[in-house]
Protein chains: 2
Amino acid sequence: MTTIRDVAARAGVSVATVSRVLNGSGYVGKDTEIRVKKAIQELNYRPNTVARSLANRKTGTIAVILPDIMNPFFSELARAVEDTARDGGFTVIFCNSDDLGTREQHYIEVLRQKYIDGIIFASNSMGEDDIVYMNENRIPIVVLDRAPGKSGCTVIRSQNAAGAVMAVRHLMETGCRKIAHIAGPGELITAQERLRGYRKAVKGFTWFDESLIVPGHFSIRGGERAVSGLLERHPDVDGIFAGNDLMAIGALKALQRMGRKIPRDISLCGFDGVEMSEWTEPELTTIAQPIYEMGRKAATHLIARIRGKAVKEDILELDVRLVERNSTRRRKN
Amino acid sequence: MTTIRDVAARAGVSVATVSRVLNGSGYVGKDTEIRVKKAIQELNYRPNTVARSLANRKTGTIAVILPDIMNPFFSELARAVEDTARDGGFTVIFCNSDDLGTREQHYIEVLRQKYIDGIIFASNSMGEDDIVYMNENRIPIVVLDRAPGKSGCTVIRSQNAAGAVMAVRHLMETGCRKIAHIAGPGELITAQERLRGYRKAVKGFTWFDESLIVPGHFSIRGGERAVSGLLERHPDVDGIFAGNDLMAIGALKALQRMGRKIPRDISLCGFDGVEMSEWTEPELTTIAQPIYEMGRKAATHLIARIRGKAVKEDILELDVRLVERNSTRRRKN
DNA sequence: TGAGTGTGTGTAACCGGTTACAGACGGAGG
DNA sequence: CCTCCGTCTGTAACCGGTTACACACACTCA
């Protein structure tokens, strides 16, 4: 492996000069620069990033901690982060937490020791104290879907409650008379907010009943299971708002197996807007979060923070939008 | 940040001794060890991984280069790699190549400069010369789904051709009389092998015709589009073997939209066994590769290589298996 | 002519670890 | 009593970069 000293020797200069040429910092004479560049060329020299990191205290690496890369929401997010990081000259370490607190702690420690430049937390069991710890260690972080904490870190969220209201309104406008909700895990803030939106939208309607809310754990299987119990209690449900697309897909499956036609018998609306929601038949109406955009923004802000740029807004709330597809089609009544 | 010298000072020993305690190497007196450990505790000292990497020429980081993390096949693979790496004390950098040669070159260079310990290539445009380059730089690599190269690197593959034969046989056994193939991109070796398997299985049947093979680009959209042209030319097709699950899902969608019942009118079989193939209605029969197992094996072998262990087999060919689900159900005739 | 400024370059300390080597000590063996 | 060896510990070089500081030189301006 050729080092900066080899280059210096070949060009007949000191290592400091080579370093200056490399980084374009300080003064370097015109012809000296040429000689150094020639030597670099000839030796096919590439600076050693690790040594650089040690001297700089910068690694050019960011990490993203997420529950599970196999969840399409997070793989899209990860993709966005990596694309953005690459453009900014960063590489990305990814960590699957499975929402396990211990696992997150482990990652945080490992990443700190690695001099990671910054972390994007898309994992849910992240606590306030983790944020404090990161601040103490001066590691910039960006978190997704957290309640606005007092701590100085960028938070990216989307309008979960407003989106849920949109979903229910849309179902009503297309002719639904009794709308159920398949809810995500109660401990997740996104699930809470979407449930809140649903409650707000159905408030005051005589048909509403608490038992129209069923848990679906944000998973396909959960969505599947939720449906059967629901339809037993409420055979006349004609609209379902699922707290995320995975549960909606599960519900769709279960309904089709039960012989219910979508949207003829029951309309179905998801939340998230993962690519997969286009892959079902019928395609799924959903409240789309700008997932890619969230990932991009998270990475952009993190990198800005790393570069020490003052970042104005600390909480970014992104718009969601209704993507109307065939799982909810207007019914004449 | 507390350093090894702080610990040494506090324990009243030299840095060498602290290092020995940390690594359990060399001789250390019993009581000295206790003193050092106490100092480490009290200062909450954690060794700096970057400095360690510089001295060791080891980073404890591996990379996985894949076409696109949003493709469920690769996200499952990535998940397996990360799980295995974590168990072995490694972290994982991931790189989306989009099968772009230039992008891969870029990553390879960046990763080399970062002293990466090893690389898993699941990307397709990787050339023989890249492998040579990695060997020159003594960076262990494992590649997936490549032709057995002469070069000294572990190759993990699965029985694509045999799997394709299984698929076609299965379709015939369940009553299909005319079976089409939606093929992946011709430049990908996996697609080639599956096509070869299809050809082998249909050889000699009078109903076979070259135009039963249609391209589907390994994507959902590709699968969708493939179907319409196919059914125009061959309205009597009653079985389709898709080269991967994504195309099968696309085909399923298109067929359902055309009013064809699956499996009543047409049977459908995919390839890969991604989790998503269970999420359709009907669920998809598929030739399952042990995706997680492939990722796990890739990581295990890579880590073994990194640790300098002699690895016996250089080519690992994993079994595929038929997962029979509702998209192919036996029809009485 | 001398001070002051801008430019170009080298020396050496530093980032925070690992480790080769040397020295000190105590006990066993001749 | 001397030698040899195993145990324990410290000094300092090294991994491969960055950069503070010192110095040299040329040029401008009073």
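Per chain, numbering begins at 1; letters A, B, ... match sequence-line order.
- Within residues 3-14 of chain A, the residues approaching DNA chain C are Gly12(A), Val13(A), Ser14(A), by heavy-atom distance under 4.0 Å.
- Side-chain atoms of Val15(B) lie closest to dA12(D) of the nucleotides dA12(D), dG16(D), dT11(C).
- Projected onto DNA chain D by closest heavy-atom contact, Asn23(A) and Ala51(B) fall at different nucleotides, the more 5' of which corresponds to Ala51(B).
- What you find for Val18(B) and Ala8(B) is that their closest heavy atoms are CG2-CA, 3.7 Å.
- In this structure, Gln113(B) places its CD atom 13 Å from C1' of dG16(D), rounding to the nearest Å.
- Atom NZ in Lys58(A) sits roughly 13 Å away from atom P in dT18(D) (whole-Å rounding).
- A close approach under 4.0 Å does not occur between any side-chain nitrogen or oxygen of Ser19(B) and OP1 or OP2 of dG17(C).
- Rounded to an integer number of Å, the gap from NZ of Lys114(A) to C1' of dG17(C) is 15 Å.
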| said: For a side chain to side chain donor-acceptor pair (under 3.5 Å) check, start with the C-alpha distance between Tyr133(A) and Gln105(A), then their side-chain angles and the critical distance, and finish with the verdict. | reply: CA-CA 11 Å; Tyr133(A) 183 70; Gln105(A) 294 308 318; over 6 Å; no
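- Checked against Ile120(B) for a side-chain contact (heavy atoms from CB on, under 4.5 Å), the options Ile65(B), Leu302(B), Leu66(B), Val143(B) give a single hit: Leu302(B).
- Using a 3.5 Å distance cut-off with no hydrogens or angles, the side chains of Arg20(B) and Tyr27(B) do not pair a donor with an acceptor.
- The distance from atom CD of Glu33(B) to atom P of dT7(D) is 15 Å, rounded to the nearest whole Å.
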| task | Under the salt bridge (Lys or Arg N to Asp or Glu O under 4.0 Å) rule, what do Asp98(B) and Arg103(B) come out as? Steps first, then yes or no, please. | result | CA-CA 8 Å; Asp98(B) 287 329; Arg103(B) 188 110 111 230; 2.6 Å; yes
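- Within the 3.5 Å criterion, the main-chain N or O of Val28(B) finds no donor-acceptor partner in the side chain of Thr32(B).
- As rounded to whole Å, 15 Å separates atom C1' of dA20(C) from atom CG of Asn56(B).
- Residues Ile141(B) and Phe121(B) form a side-chain contact, since some pair of their non-hydrogen atoms from C-beta on lies under 4.5 Å apart.
- Picking from dA12(D), dG16(D), dC21(C) the nucleotide with the shortest atom distance to the side chain of Arg20(B) gives dC21(C).
- Rounded to 10°, the helix from dT1(C)-dA30(D) to dG30(C)-dC1(D) has 60° between the axis fitted to its first five pairs and the one fitted to its last five.
- In the set dT9(C), dT11(D), dG16(D), dT11(D) carries the atom at the smallest distance from any side-chain atom of Ala16(B).
- Side chain of Thr17(B), nearest nucleotide from dT9(D), dT18(D), dG16(D): dT9(D).
- For dG16(D), the base has no donor-acceptor partner in the side chain of Arg57(B) [N/O atoms by modelled type, under 3.5 angstrom].
- The distance from atom CG of Leu22(B) to atom P of dT19(C) is 12 Å, rounded to the nearest whole Å.
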Please enumerate all protein N or O atoms sitting under 3.5 Å from an N or O of nucleotides 3-7 of chain C, with distances to 0.1 Å.
from, atom 1, to, atom 2, distance (Å)
dT7(C), OP2, Tyr27(A), OH, 2.5

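- For the residue pair Tyr115(A)/Asn48(B), the side-chain donor-acceptor check at 3.5 Å is satisfied.
- Put simply, CG on Asp31(A) is 12 Å from C1' on dT9(C), counting in whole angstrom units.
- Among dG10(C), dG10(D), dG16(C), the nucleotide with an atom closest to any side-chain atom of Met1(B) is dG16(C).
- Side chain of Ser97(B) to backbone of Ser123(B): no donor-acceptor contact under 3.5 angstrom is found.
- The separation between Leu54(B) atom CG and dA13(D) atom C1' is 13 Å, rounded to whole Å.
- Here the closest non-hydrogen pair linking Phe218(A) and Ala191(A) is CZ-CB, 3.9 Å.
- For the pair Arg79(B) (side chain) and Tyr292(B) (backbone), a donor-acceptor distance under 3.5 Å is absent.
- For Lys114(A) and Thr61(B), the side-chain atoms include at least one donor-acceptor pair closer than 3.5 Å.
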